[in-house]
Amino acid sequence: MNANERERIVVSVGGSLIVPDGIDTDFLSRFRALILEKIEAGFSFSIISGGGKTARRYQDAARAVTTLSRTDLDWIGIHATRLNAQLLRNIFVEQAYPHVVKNPTIDIEADEPIIIASGWQPGWSTDYVAVLMAKNLGARRLVNLSNIDYVYDSDPHKNPDAKKIEEIGWADFRKLIPEEWDPGLSSPFDPIAAKEAETLGLEVAIMNGAKLEEFSNYLDGKPFVGTVIS
Ligand code: UTP
């Protein structure tokens with residue numbers, strides 16, 4: 001199948017799934033199997049990798065030795081996303097565009113059904129890179145795989161009455177999250193990325209990457225456990 005005939009889905013894979021502490025090879029094996037199955041079914045994917053514990057560990061180590069600016073710490077995070085992206089590129093060695101994309105705004109002529117990208121600029125998150133990638137490739141759907149089942153109307157760790165949200169519009173979603181992005185911020189989708197996604201009219205589905213059958217259901221247009229923002 002020609003790359004242009006496939007529906008391209010942008011997938012932001014939270015670093016907490018790839019490197020929750022050590023590298024989760026069980027997750028990677030299951031993720032690989034699902035992506036290959038969906039390529040057979042006619043999808044193509046742009047996959048953006050987060051930094052996970054690798055980012056945090058290296059940032060903490062640098063901070064323990066000297067005082068660094070936020071930008072310097074972000075560069076360590078960006079390099080962690082690149083390392084994880086290289087790992088993804090290699091688990092899809094036969095299906096992925098050979099280079100990890102570091103700048104999501106440049107034009108890529110890829111015949112391969114998978115493109116792997118990493119973090120780009122200090123002060124950003126991989127969510128924002130994923131939205132820029134969707135813009136560049138003209139993708140209409142973005143999946144954010146993280147370690148939460150749903151977006152809630154307040155922090156479920158702090159509020160036992162927090163209600164899950166299955167569908168929400170961008171304007172209402174943006175009222176739920178802080179306006180400013182601070183790396184390390186606990187938000188289901190970062191505010192700068194949300195603003196850009198709203199402008200693009202992108203559909204973003206947020207779901208738990210540990211339950212990959214839900215990702216499969218979402219791609220197939222079936223009911224799934226997760227939140228759709230549109
Ligand atoms: P992310 O915060 O996007 O990855 O990048 P993650 O591991 O998926 O994060 P969680 O699990 O959602 O929290 C890791 C770090 O890399 C830097 C930031 O410091 C960020 O916290 N980064 C990443 C950038 O500065 N720019 C980017 O474009 C991407």
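Side chains are part of it too, since the values below use all heavy atoms of this structure and drop only hydrogens, waters and symmetry mates. In listed order, ligands and their atoms are each counted from 1.
- Ion pairing of Asp172 with Lys175 is present here, as a side-chain N (NZ or NE/NH1/NH2) and a carboxylate O approach within less than 4.0 Å.
- When side chains are defined from C-beta on, Phe27 counts as touching Leu212, because their heavy atoms get closer than 4.5 Å.
- Interface atoms of ligand 1 facing Pro122, defined by a heavy-atom separation under 4.0 Å, are 25 (O).
- Here is the list of ligand 1 atoms found below 4.0 Å of a heavy atom in Arg70: 19 (O).
- In the candidate list Thr81, Asn84, Asp127, Thr81 is nearest to atom 5 (O) of ligand 1, counting heavy atoms.
- The ligand atoms of ligand 1 that sit less than 4.0 angstrom from a heavy atom of Gly52 are 6 (P), 7 (O).
- Between Glu7 and Arg141, at least one side-chain N (NZ, or NE/NH1/NH2) sits under 4.0 Å from a carboxylate O, which counts as a salt bridge.
- Checking Gly119, Gly51, Ser118, Gly123 against atom 4 (O) of ligand 1, the nearest heavy atom belongs to Gly51.
- With a 4.0 Å heavy-atom cut-off, ligand 1 is reached by no atom of Arg82.
- Between Asp26 and Ser29, the side chains place no donor N or O within less than 3.5 Å of an acceptor N or O (distance only, hydrogens not considered).
- With ligand atoms numbered from 1 in the order given, ligand 1 contributes 6 (P), 7 (O), 8 (O) to contacts under 4.0 Å with heavy atoms of Gly15.
- Shown in contact with Arg56 at under 4.0 Å from a heavy atom are these atoms of ligand 1, numbered in order with element: 7 (O), 9 (O), 10 (P), 11 (O), 13 (O).
- Between the side chain of Trp170 and the backbone N or O of Leu202 there is at least one donor-acceptor pair closer than 3.5 Å.
- The closest non-hydrogen atom to atom 17 (C) of ligand 1, taken over Leu132, Asp190, Val129, Asp74, comes from Asp74.
- Counting heavy atoms closer than 4.0 Å to ligand 1, residue Gln121 contributes backbone atoms (N, CA, C, O) but none from C-beta onward.
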Output side-chain donor-acceptor pairs under 3.5 Å for residues 223-230, partner residues at least two apart or in another chain, one line each.
{"unit_1": "Thr227", "atom_1": "OG1", "unit_2": "Val151", "atom_2": "N", "d": "2.8"}
{"unit_1": "Thr227", "atom_1": "OG1", "unit_2": "Ile165", "atom_2": "O", "d": "2.5"}

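- Atoms of ligand 1 lying under 4.0 Å from at least one heavy atom of Gly77, given by number and element, are 15 (C), 16 (O), 17 (C).
- Considering backbone and side-chain atoms together, Val13 places no N or O closer than 3.5 Å to any N or O of ligand 1.
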Return a table of donor-acceptor pairs under 3.5 angstrom between the side chains of residues 92-107 and protein atoms on other chains or two or more places apart.
{"unit_1": "Asn103", "atom_1": "OD1", "unit_2": "Thr105", "atom_2": "N", "d": "2.8"}
{"unit_1": "Asn103", "atom_1": "OD1", "unit_2": "Thr105", "atom_2": "OG1", "d": "2.7"}

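- Inter-residue side-chain proximity for Phe31 and Leu34 is flagged as unmet; no heavy-atom pair is nearer than 4.5 Å.
- Near Gln59, the atoms of ligand 1 lying under 4.0 angstrom from a non-hydrogen atom of the residue are 19 (O).
- Note on Asp21 versus Arg57: salt bridge recorded, some NZ/NE/NH1/NH2 to OD/OE distance being below 4.0 Å.
- Taking every heavy atom of Gly14 and a limit of under 4.0 angstrom, the matching atoms of ligand 1 come to 8 (O).
- Neither the backbone nor the side chain of Lys53 comes within 4.0 Å of ligand 1, counting heavy atoms alone.
- For atom 23 (C) of ligand 1, the nearest non-hydrogen atom from the set Trp124, Trp120, Tyr58 belongs to Trp124.
- When hydrophobic clusters are built by joining Ile, Leu, Val, Met, Phe, Trp and Tyr residues whose side-chain heavy atoms come closer than 4.5 Å, directly or via intermediates, Ile76 is not grouped with Trp124.
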